[in-house]
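Encoded as structure tokens, the structure appears first; notes follow it.
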Amino acid sequence: MQTQEQIMQWLNAGLQALNQQNPVEATQHMNMVLAVIPNEPNALFLLGSAKRMQGQFDEALSLMQRAVGKHSNPAQIHNSIGSVYKDMGELAKSEKSYESALKLQPGYAEAYFNLGLVKHQEGALKTAEENLLQAIKLQPQNPTFHNAIGIIHQDQGNDESAETSFKHALMLDNNYFKALHNLGALLRGQFRYEDALVFLKRAMTLAPRVVEPRYIVANIYYEQGDFDKADEEYRKVIALQPDYLDAHESLNKLYWEHGKTDLYGKSFNIGIKANPTAPELCEGHLRALTNAGRIDEGVALGEAYASNFPKHAGVHQQLGRIMASAGNVAAATDCFTTAIENAPNDNSIRISATQHLIRIEEYQQALTHLEAAEKQAPNDQEMWAYRGLCWRMMGDERHEWLNGFEKFVSPAIIETPKGYANLDAFLAELKETLRGYHTAKHAPIDQTLRGGSQTYGKLFDHKEPIFGLLQNALKQAANDYIQGLPDDNTQPLCKRKTGSFEFSASWSVWLREGGFHINHVHPLGWISSAFYVEVPEPSEEARAKNEGWIKFGESPLLLGGKDKAERFVEPKAGLLALFPSYMWHGTVAYHDNADRITTPFDIIPV
């Protein structure tokens, strides 16, 4: 017969193994206890914790629920049950378990903390903040709590409070990796690059094999224009974690923008060789090849990838795009069918299938996919754009109801910001400021720009005073446009009026001789724009051909016939053109030997 002392030794050894992230050894010790005392509550709880660590959630729940009525600290068990439910994605049950813990032990800081995390995951930021503040009140010296509320503040758009919370966490624990990483990421988002690098490099020193801070460092170098360092850090990330898709995409984007096309795509080959069981990497590789127009290479690799991952929707979607580009209609149709069967709620797949179906004039079938897409995302701008295109090609009058090129396209010269003698003086200073933000040599491969460069990130997040003045002038013009929209609770543009809006994206484009935008829409916007900062005086021949003008109505599928531009607007310095984000638009290429600079933006209702 085992002594109580032996039982305690096994329990302590099992607890120590759990603290060392060794669930196998912990399980062995707990089974020894339970062989002697089958319902020993501490052993049941610790064994449940080991099962949770191994991802065996049903067993973990069963063991913890057996322990809860017998354990000396049932609040702790309810708290742990809540965490198991959270791991399983059952947030309502998780929330209920944490609340049960708090009823039993009202001063239980960890339960408040965990309840705050669940509320955050549910998007209830205010309630999440309240629970985390209560946790901090109970345990003000816990750096984990301060870090977590920093994330809440950041998601609330309160960067100043977020920074304070992350720094408080680091004051309590100078080597707290998560706070170092989060603070560095926050500062990078504010373009405070040198400050960000200090914290991110400390995080890299503490955990040199963790890739996330290194990836942000690479992005900082990229945005600063230090492309050799960015290249080096991206490659280090991939060496550490070969299936880190974001690093592959960023590295190859860098290669494309800086003319290193011989290196473009090679990292995917290396990553897939190192980790052949990563379908997302194969999907990304096919997308990169499609963007570069390397269709033959994509066909050969895509067929192999699809064979290796017969049920991966993304791989079949990208192979479908490649097959459609190769003119293999039947193969493309089969790929999209397989992709949709495996991910029926993925709108991007239905949009890809729609593009293919429109090209082969299967408009009604395309509309069926778009109706399904609307159920998932009623304000998806691509969905409305392709729906309008189908209606147009079918001669359906709803095309005009949706687009209304004369009604919904609004060009106007902005007001001169205060402090400037005239608009030309303002634009001259703005032009010189913007030129310093254009560091790439070539257009991004994943954008619609051809023959020019584009700035990184949100332009209006930079703390340039002149950007603030520009933003105010554009906001005034956008407000006038919105106020002039008709009241219509069915029309996709008009029904979203709320009386308030915010800038969701802003950037600058520098077009050079022969540059243009291919026809496109802005999927995540509501109202989009083109604001012209610098426009060269065109020749009479160029003006007669509408060179450099923005055009509306023609899709990127270039179907001919009814798929043609319906309205053209001549650009002028200081002119702002506003239009629905779902409206097809592009520019006519120009050939004058002069550059032009624009600052487009998107807005969304609040």
Side-chain angles (χ1 to χ4, degrees), residues 283 286-303 306 313-344 346-374 376-377 380-396 398-399 402-403 445-448 450 516-523 551-566 582-588:
E283 176 188 352
L286 296 180
R287 183 166 48 245
L289 294 174
T290 304
N291 289 341
R294 289 159 54 176
I295 303 304
D296 291 342
E297 184 179 352
V299 168
L301 286 172
E303 288 179 334
V315 169
H316 286 274
Q317 176 191 9
Q318 297 307 321
L319 180 56
R321 292 179 64 214
I322 288 170
M323 289 300 186
S325 297
N328 192 333
V329 172
T333 300
D334 289 344
C335 287
F336 291 129
T337 299
T338 300
I340 290 169
E341 286 174 351
N342 286 284
D346 188 328
N347 272 11
S348 72
I349 297 174
R350 290 194 183 272
I351 294 296
S352 294
T354 292
Q355 294 167 340
H356 169 60
L357 291 166
I358 290 174
R359 285 192 180 100
I360 61 176
E361 301 182 12
E362 293 287 350
Y363 305 122
Q364 199 58 56
Q365 193 174 347
L367 284 170
T368 300
H369 285 301
L370 295 170
E371 288 166 5
E374 184 184 8
Q376 295 296 321
D380 187 311
Q381 302 297 284
E382 279 190 297
M383 177 272 295
W384 283 114
Y386 282 111
R387 185 175 262 180
L389 180 58
C390 287
W391 287 337
R392 188 176 189 184
M393 300 307 290
M394 296 167 68
D396 191 315
R398 287 176 292 180
H399 152 66
L402 178 68
N403 288 306
I445 192 168
D446 55 350
Q447 300 295 322
T448 62
R450 301 293 183 268
F516 65 99
H517 283 277
I518 63 173
N519 301 324
H520 64 289
V521 298
H522 294 205
K551 57 181 179 176
F552 298 93
E554 183 182 51
S555 83
L557 304 184
L558 303 176
L559 304 172
K562 296 176 182 177
D563 183 18
K564 60 183 179 181
E566 291 283 342
Y582 59 68
M583 185 177 285
W584 295 114
H585 60 284
T587 56
V588 180

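None of these values were measured; they are calculated from a predicted model.
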Quick one: salt bridge (Lys or Arg N to Asp or Glu O under 4.0 Å) pairs with a partner in residues 357-366, sequence neighbours left out?
-> none
Closest approach of K564 to R392 (non-hydrogen atoms, all atoms of both residues) = O-NH2, 2.6 Å
Separation between CG (N291) and CD (Q318), nearest 0.5 Å, reads 8.0 Å
Carefully, step by step, assess H356 and V329 under the rule side-chain contact (heavy atoms from CB on, under 4.5 Å).
-> CA-CA 8 Å; H356 169 60; V329 172; 3.8 Å; yes
From L289 CG over to I322 CD1, what is the distance, rounded to the nearest 0.5 angstrom?
-> 6.0 Å
State yes or no: are the ring centers of F336 and H316 separated by less than 6.0 Å?
-> no
Examine distances only and state if a side-chain atom of D563 and a backbone atom of S555 form a donor-acceptor pair shorter than 3.5 Å.
-> yes
Which distance, rounded to the nearest 0.5 Å, do you find between the CD1 of I351 and the CD of Q381?
-> 11.0 Å
Result for side chain to side chain contact (heavy atoms under 4.5 Å, CB included) between I349 and one of I340, T354, T338 points to I340
Can you name the side-chain contact (heavy atoms from CB on, under 4.5 Å) partners of Q376, sequence neighbours left out?
-> N345, N347
Please determine which of E371, H369, Q355, E382 meets the side-chain hydrogen bond (donor to acceptor under 3.5 Å, both in side chains) test together with R350.
-> H369
N519 vs L557 side-chain heavy atoms within contact, under 4.5 Å | no
Roughly how far apart are L389 CG and M394 CE, rounded to 0.5 Å?
-> 11.5 Å
Closest non-hydrogen atoms of L319 and G302, given as atom of the first, atom of the second and distance, are CD2-O, 3.6 Å
Can the ring centres of Y386 and W391 be said to be less than 6.0 Å apart?
-> no
Rounded to the nearest 0.5 Å, what's the gap from CD on Q317 to SG on C335? Could you check?
-> 10.5 Å
Closest non-hydrogen atom pair, A332 against G320 = CB-O, 3.6 Å
Roughly how far, to the nearest 0.5 Å, is the CZ atom of R398 from the CG atom of N403?
-> 13.0 Å
Carefully, step by step, assess V299 and M323 under the rule side-chain contact (heavy atoms from CB on, under 4.5 Å).
-> CA-CA 7 Å; V299 168; M323 289 300 186; 3.9 Å; yes
For the residue pair P556 and W584, establish whether any side-chain heavy-atom pair is separated by less than 4.5 Å.
-> yes
H522 and H585: side-chain donor and acceptor closer than 3.5 Å?
-> yes
Show your working on side-chain contact (heavy atoms from CB on, under 4.5 Å) between L370 and W384 and close with a plain yes or no.
-> CA-CA 8 Å; L370 295 170; W384 283 114; over 6 Å; no
Note: G298 and L286 closest approach over all heavy atoms is O-CD2, 3.8 Å
Which atom names give the shortest non-hydrogen contact between R321 and S352, and what distance separates them?
-> CD-OG, 4.0 Å
Compare every heavy atom of P344 with every heavy atom of N342, then report the nearest pair and how far apart it is.
-> C-CD, 3.7 Å
E566 bridged to K551 by N-O distance under 4.0 Å | no
